[in-house]
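For reference, the structure discussed in these notes is given below.
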Amino acid sequence: MTTTTPRPALHRPATDRPGPVPGSDPGSDPALTSADAYLRLVQAGPAAAVARRLGLPRPPVLRRHVPGAPLVEGPVLVLGRGAEADALAGLLAAAPAAGGRADGWDLDVHRHPTEGLRYGAVVLALTGLEHPGDLADPVLALAGVLRRLAPAGRVVTVSRPARAGDPPARAAARQAVDGFLRSLAKELRGGATGNGVVVADGVDVLAPAVLGTLRFLLSARSAFVDGQLLPVDSGAGTLPADPERPLEGRVAVVTGAARGIGAAIASVLARDGARVVAVDVPAAGEALAGVANGVRGTALALDVTSRDAGRRILEHALARHGHLDVVVHNAGITRDKLLANTTPDRWASVLAVNVEAPLRITEHLLAAGALTDAPRVVALASTSGIAGNRGQTGYAASKAAVMGMVAATAPLLAAVGGTANAVAPGFVETEMTARIPALTRQVARRLNTLQQGGLPVDVAEAVAFLASPAAGGILGQTLRVCGQSMVGR
Ligand code: NAD
């Protein structure tokens with residue numbers, strides 16, 4: 001199980017590929033480079049030395065997904081005892097089955113720490129915890145190798161949720177993972193992250209949604225996801241034939257796709273194999289056409305608040321692509337004011353775009369019976385909707401509403417193998433956040449464990465993961481993409 005042959009990179013003719021994902025590399029986009037010039041400045045040279053001497057933040061450059069790159073850079077240490085730990089380690093080490101299916105991951109897996117070895121990731125298989133004392137062995141084994149975790153390395157826990165009916169010692173042990181993981185994530189350096197998969201009792205640790213979530217958290221796709229524990233509540237879902245193209249054959253609509261996070265979502269979904277319908281207001285026409293052409297998708301100029309938005313989206317998807325499988329409610333606006341200064345029209349417009357439109361569109365698609373084949377609804381929430389933010393009562397209300405919406409929509413889609421989930425970004429470098437006053441923006445960027453703003457692609461990767469067939473067991477959750485922001489949980 002120790003050393004295996006590296007999986008060959010997947011090659012595809014260049015003509016099949018959509019354009020590069022905007023915002024995937026801070027150095028590739030002049031707007032983003034200038035957006036966080038400090039991050040570049042302190043990487044090396046005299047500025048790095050000064051920052052070190054003064055104890056100023058030195059945010060790392062994060063590793064982001066490049067198709068064909070290894071899932072994990074370096075050996076993987078799987079800690080934890082029992083049959084489930086063995087099963088996970090076996091799967092991670094096994095070669096992929098014939099036909100390239102993602103049954104085995106072909107990683108260089110170790111079950112015990114090896115002196116001097118630098119690990120790309122450590123997986124803590126903690127599903128068998130019965131007493132808080134059971135945590136000591138795996139956690140202290142991890143402590144012994146932490147200094148040898150590679151830059152942008154990963155620590156991922158796989159555990160079970162504490163339940164009211166559990167014996168108190170078991171519930172205590174299970175809940176302990178939460179506090180441990182969130183604290184550990186704050187101690188990791190060099191762009192390394194700590195996250196967890198929380199597998200409901202009765203769900204197999206090798207179920208597609210568990211493996212899909214583990215794969216996402218180990219990969220560079222989760223670069224800006226940190227300190228999060230994602231519940232997997234059912235064994236539903238399917239693993240893709242090609243892990244680089246999990247959305248092959250799927251048709252996805254993305255609202256607010258003309259720029260920012262929406263444009264990145266369109267790109268990442270297309271990169272992952274989806275055919276994309278890019279929606280934005282008519283005034284965004286040229287930019288929208290640019291995005292749609294860039295991903296070889298189609299453009300639909302539409303204000304999502306219009307009464308017939310659901311009908312027009314469905315008609316367009318059916319006419320141009322034959323079906324509709326994934327709906328990403330990304331269009332969003334801010335109209336920040338203290339509540340005392342909030343006018344009725346400001347309040348109404350934020351609620352209308354951010355939550356009433358997604359509600360109405362989803363309702364129409366459900367009523368029309370359009371979502372039939374393991375559909376995915378993914379909506380954009382915000383950490384403001386979790387922690388609250390001064391001057392954002394309306395925005396935070398709308399984003400908390402989105403989280404309520406997906407939690408209640410998920411059961412409506414369960415019968416057809418569907419899911420609804422939300423992604424809650426923290427501070428992300430877009431035109432929306434470029435409007436924040438410079439000093440506030442500079443501070444906002446550093447208020448998370450990774451000490452930087454996320455890029456649109458980071459949010460897009462999380463959306464693409466939740467839109468994928470493997471995420472079938474993630475039901476009504478909100479996944480934070482915030483670098484473990486200090487605000488909220
Ligand atoms: P953005 O302002 O850069 O882009 C939003 C897009 O939505 C624009 O292209 C806009 O034209 C479109 N849009 C607005 N109203 C619309 C309507 N009525 N119909 C159709 N399209 C409409 O915003 P962004 O920063 O890319 O944010 C995207 C989503 O992510 C939003 O829902 C936002 O609330 C959320 N979000 C962003 C951040 C961040 O830091 N940027 C943080 C948390 C959440």
Side-chain angles (χ1 to χ4, degrees), residues 22-23 31-32 35-36 224 253-268 277-292 299-310 312-313 328-336 348-358 360-361 378-387 389 392 394-403 405-406 422-436 440-441 444-445 447-448 452-460 462-463 478-483 485 487-488:
L32 291 169
D36 195 354
F224 200 59
V253 61
V254 182
T255 69
R259 67 179 202 190
I261 292 170
I265 294 170
S267 279
V268 170
V277 178
V279 174
D280 212 299
V281 287
E286 212 172 301
L288 181 66
V291 169
L300 174 61
L302 169 75
D303 183 334
V304 292
T305 63
S306 61
R307 294 273 140 194
D308 61 350
R312 288 184 54 199
I313 285 171
V328 182
H329 295 297
N330 164 78
I333 59 169
T334 51
R335 296 285 182 268
D336 297 359
S349 60
V350 170
L351 271 289
V353 176
N354 294 2
V355 66
E356 288 166 20
R360 199 178 308 112
I361 291 168
V378 188
L380 269 287
S382 164
T383 49
S384 293
I386 297 170
N389 200 12
Q392 289 200 317
Y395 182 73
S398 74
K399 294 303 188 179
V402 161
M403 294 189 274
M405 176 187 80
V406 296
V423 171
F427 183 95
V428 178
E429 305 284 0
T430 67
E431 287 178 48
M432 187 185 261
T433 50
R435 289 199 299 269
I436 297 172
T440 315
R441 193 160 13 109
R445 284 187 183 120
L447 288 181
N448 63 61
Q452 59 196 283
L455 298 184
V457 69
D458 299 327
V459 181
V463 169
T478 296
L479 173 60
R480 290 179 57 151
V481 181
C482 64
S485 172
V487 293

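Start at 1 and go down the list; that is how both ligands and their atoms are numbered. Quick note: residue numbers are just sequence positions, from 1.
- Side chains of L380 and I265 form a contact here, defined as non-hydrogen atoms less than 4.5 Å apart.
- Neither the backbone nor the side chain of N354 comes within 4.0 Å of ligand 1, counting heavy atoms alone.
- Summarising the contacts of atom 5 (C) of ligand 1 with G332, G262, A357, the nearest heavy atom is found in G332.
- D280 places no side-chain N or O within donor-acceptor distance of the main-chain N or O of L288, the cut-off being under 3.5 Å.
- S382 and Y395 get closest at one heavy-atom pair: OG-CE2, 3.6 Å.
- If you look at P425 next to ligand 1, the close heavy atoms, those under 4.0 Å, come from the backbone and the side chain alike.
- Using a 4.5 Å cut-off on side-chain heavy atoms (C-beta onward), H329 and V378 make no contact.
- Put simply, CG on D458 and CD on Q452 are 8.0 Å apart, with the number rounded to the nearest 0.5 Å.
- No donor-acceptor pair under 3.5 Å is formed between the side chain of K399 and the backbone N or O of T383.
- Annotation: salt bridge (Lys or Arg N to Asp or Glu O under 4.0 Å) contacts involving residues 253-263, sequence neighbours excluded, comprise R259-E431.
- What sits closest to atom 40 (O) of ligand 1 on the protein, heavy atoms only, is V428 N, 2.9 Å.
- With respect to atom 2 (O) of ligand 1, the closest heavy atom belonging to the protein is R259 NH2, 2.7 Å.
- Contacts between A381 and ligand 1, counted as non-hydrogen atom pairs separated by less than 4.0 Å, involve the backbone only.
- Distance from atom 20 (C) of ligand 1 to its nearest protein heavy atom, with residue and atom name: L302 O, 3.5 Å.
- Residue contacts with ligand 1 leave out S384, since none of its heavy atoms falls under 4.0 Å from the ligand.
- In this structure, L288 has no heavy atom closer than 4.0 Å to ligand 1.
- Distance alone, capped at 3.5 Å, is enough to place a donor-acceptor pair between the N330 side chain and the T255 backbone.
- Polar contact with ligand 1: absent for A257 (N/O pair, distance under 3.5 Å).
- With ligand atoms numbered from 1 in the order given, ligand 1 contributes 43 (C), 44 (C) to contacts under 4.0 Å with heavy atoms of S382.
- Looking at I261 against ligand 1, both its backbone and its side chain come within 4.0 Å, counting heavy atoms.
- Summarising the geometry of T334 relative to V350, their closest heavy-atom pair is C-CG2, 4.3 Å, with the distance given to 0.1 Å.
- Nearest protein heavy-atom contact of atom 25 (O) of ligand 1 is T430 OG1, 2.6 Å.
- Using a 4.0 angstrom heavy-atom cutoff, T433 counts as in contact with ligand 1.
- Checking only distances, K399 does come within under 3.5 Å of ligand 1, N or O to N or O.
- Inclusion of N330 in the set of residues having an N or O under 3.5 Å from an N or O of ligand 1 is warranted.
- Looking at ligand 1, you'll find an N or O of D303 within less than 3.5 Å of one of its N or O atoms.
- A distance-only check finds a donor-acceptor pair linking the side chain of N354 to the backbone of I333 [under 3.5 Å].
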